[in-house]
2 protein chains.
Amino acid sequence: MVEIARQADAVHRTRTPLSRARVLSAAVALADEGGVDALSMRKLAQVLGVVPMALYKHVANKNELLDGMIDVLVGEIDPPVADADWKTAVRLRVLSARRMLLRHPWASGVIEARMKARAAPTPVVMEYLDSMIGIFRAGGFSLDLVHHAMHVMGSRLLGFSQELFEDGAGREPDPDALPPEEMAARYPHITELAMAVTHDEGSVVGSGCDDQYEFEFALDLTLDGLARLLP
Amino acid sequence: MVEIARQADAVHRTRTPLSRARVLSAAVALADEGGVDALSMRKLAQVLGVVPMALYKHVANKNELLDGMIDVLVGEIDPPVADADWKTAVRLRVLSARRMLLRHPWASGVIEARMKARAAPTPVVMEYLDSMIGIFRAGGFSLDLVHHAMHVMGSRLLGFSQELFEDGAGREPDPDALPPEEMAARYPHITELAMAVTHDEGSVVGSGCDDQYEFEFALDLTLDGLARLLP
DNA sequence: ATCATGGGTGTACGCCGTACACCTGACAAG
DNA sequence: CTTGTCAGGTGTACGGCGTACACCCATGAT
């Protein structure tokens, strides 16, 4: 009994004290494995070896936790490179953002959801947007044009353009999946496209498409479109 | 007591029987007012004057409910116009999708979330995508090019390109909002842009920007970019 | 007359976020 | 050295959620 007490004490003594930073990074880690649904205040507390309510001494509530996690992620995006023309600067930055989002697949959903819910983005996000605008401005964009540019880039600014129909490993299984022939009959164009893309006859939907290439293709298309609008 | 029984019976008799369609449209209505957070199986059941578990006779679970709601919404998008060149056909369709999404502001989030979770889109969404591909194909796009095109359009295909920083009425209030001068110091480019956009000195962030114009600007930019790639 | 069945009911379980009261140990002031 | 403050961890509890499971009952086929 004394042993137990001593050990408990030892554990207590060993445990590095909680902190906002520790909470946030544990939350990110928890979301990284198991997706955002696996992130609950209770599970997070358990991972940190602490009682759930302890977290509330470091984050106001779950939404603020999510905001903090977003800040952590945005902090992972490379700063803009110096000495580059605006197009490559934007390009590099967006690709860096994309890499971050590929490391944290749950992030785009959380970012979008929180962006819609919050009155204003967090300071960290604000600074990201600000410096992005700065790149355009330094590249000679008028205020009007940079405004349009930000809208054009839209979600690509943060590194994602919804991969709407994507390979789909690890998704919910589809009970009523169609046999290929019925597929071809009902959705001739999808099927045709899928066949052309996957030259091996794998699962008809989506695989075999180089996402990175597609992403850069789209990114460059819009960047070139913007470049043509410069005086 | 007999009265009560009779009245209950009358209610019972009056109530039009549940059906998947009735459940789905009630769910959409419930989400329309109060956002997607206000949509719970329990509240939905209450609206329909029924016990929660009754819903499960018509939808397998909440995710399937959401999928059904998406189908309802996609069904609201205008079919492609006949006798139009590909560009205007795509343009009109996407603008119709956008109108639907403005009617149901919660929809884009749900669509994105469910698209990520499901193995394959529902048949209704598949048909939408299929016919969209069909428009491009009829316009002379090669398979490769229409593939790129679908990626380029990305979320715009469904009528939304995240309005990342948007006017923000009805959002969570921001406790630590900055005074304008500090705003200008920390985020010079955002401030400059915001000042240029809102010619009246309203709240510095975002208002006074014509979303519809921006959306069409971006849409046309990408459509023009695609047009330049045609042989 | 019987019986199967589709659709509504009731109860119960385990999860969730978090309000609120409490404790405790470190540290500053006297 | 005492005393008081207080940041930070604890324990309990509440209301809401999705949904499994057992049930009942009216309808219509046999």
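Protein chains get the first letters and strands the later ones, always in sequence-line order, with residue 1 at the start of each. Keep in mind that the numbers below use all heavy atoms, side chains included, and drop hydrogens, waters and symmetry copies. All values reported here derive from a predicted model rather than from experimental measurement.
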Do the side chain of B/His189 and the main chain of A/Ser131 share a donor and acceptor less than 3.5 angstrom apart?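 Not confirmed, B/His189 side chain does not pair with A/Ser131 backbone.
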I'd like to know if the side chain of B/Arg20 reaches the main chain of B/Val59, judged simply by a donor and an acceptor atom lying under 3.5 Å from each other, with no hydrogens or angles considered.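 A pair under 3.5 Å: no.
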For residues B/Thr222 and B/Met153, report the shortest heavy-atom separation together with the two atoms involved.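 Heavy-atom minimum between the residues: OG1-SD, 4.0 Å.
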Looking at A/Leu101 and A/Ala107, what are the two nearest heavy atoms and their distance?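 For A/Leu101 versus A/Ala107, the nearest heavy atoms are CD2-CB, 3.5 Å.
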Is the number of heavy atoms from other residues, nucleotides or ligands under 6.0 Å of B/Glu127 CD greater than 12?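 Not buried by this count: 12 neighbours or fewer within 6.0 Å.
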Polar side chain donor-acceptor pair, A/Thr122 to A/Asp71, under 3.5 angstrom: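 Result is yes, a qualifying pair exists.
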If the cut-off is 4.0 Å, is B/His58 near the phosphate of C/dG6, judged by side-chain N/O to OP1 or OP2?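 No, outside the criterion.
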Please report how far the helix from C/dA1-D/dT30 to C/dG30-D/dC1 bends, comparing the axis fitted to its first five pairs with the axis fitted to its last five, to the nearest 10 degrees.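 The helix from C/dA1-D/dT30 to C/dG30-D/dC1 shows an end-to-end axis angle of 10°.
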Carboxylate-amine/guanidinium proximity below 4.0 Å for B/Glu216 and B/Arg98: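 The answer is no: the pair does not qualify as a salt bridge.
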Output the rounded distance in Å from [atom1] ([X]) to [atom2] ([N]).
X: A/Leu55; N: D/dG9; atom1: CG; atom2: P; answer: 9 Å
X: A/Leu18; N: D/dT10; atom1: CG; atom2: P; answer: 9 Å
X: A/Arg20; N: D/dA7; atom1: CZ; atom2: C1'; answer: 16 Å

Pairs under 3.5 Å (N/O, protein and nucleotides 17-23 of chain D):
residue	atom	partner	partner atom	Å
D/dC17	OP1	B/Ser40	OG	3.0
D/dC17	OP1	B/Lys43	NZ	3.3
D/dG18	OP1	B/Met41	N	3.3
D/dG18	OP1	B/Lys62	NZ	2.9
D/dG18	OP2	B/Met41	N	2.9
D/dG18	N7	B/Arg42	NH1	2.2
D/dG18	O6	B/Arg42	NH1	3.0
D/dG18	O6	B/Arg42	NH2	3.3
D/dT19	OP2	B/Tyr56	OH	2.9
D/dT19	OP2	B/Lys62	N	2.9

Kindly assign one of parallel, tilted or perpendicular to the pair A/Tyr213 and A/Phe217, based on the angle between their ring planes and the thresholds 30° and 60°.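 A/Tyr213 vs A/Phe217 ring planes: tilted.
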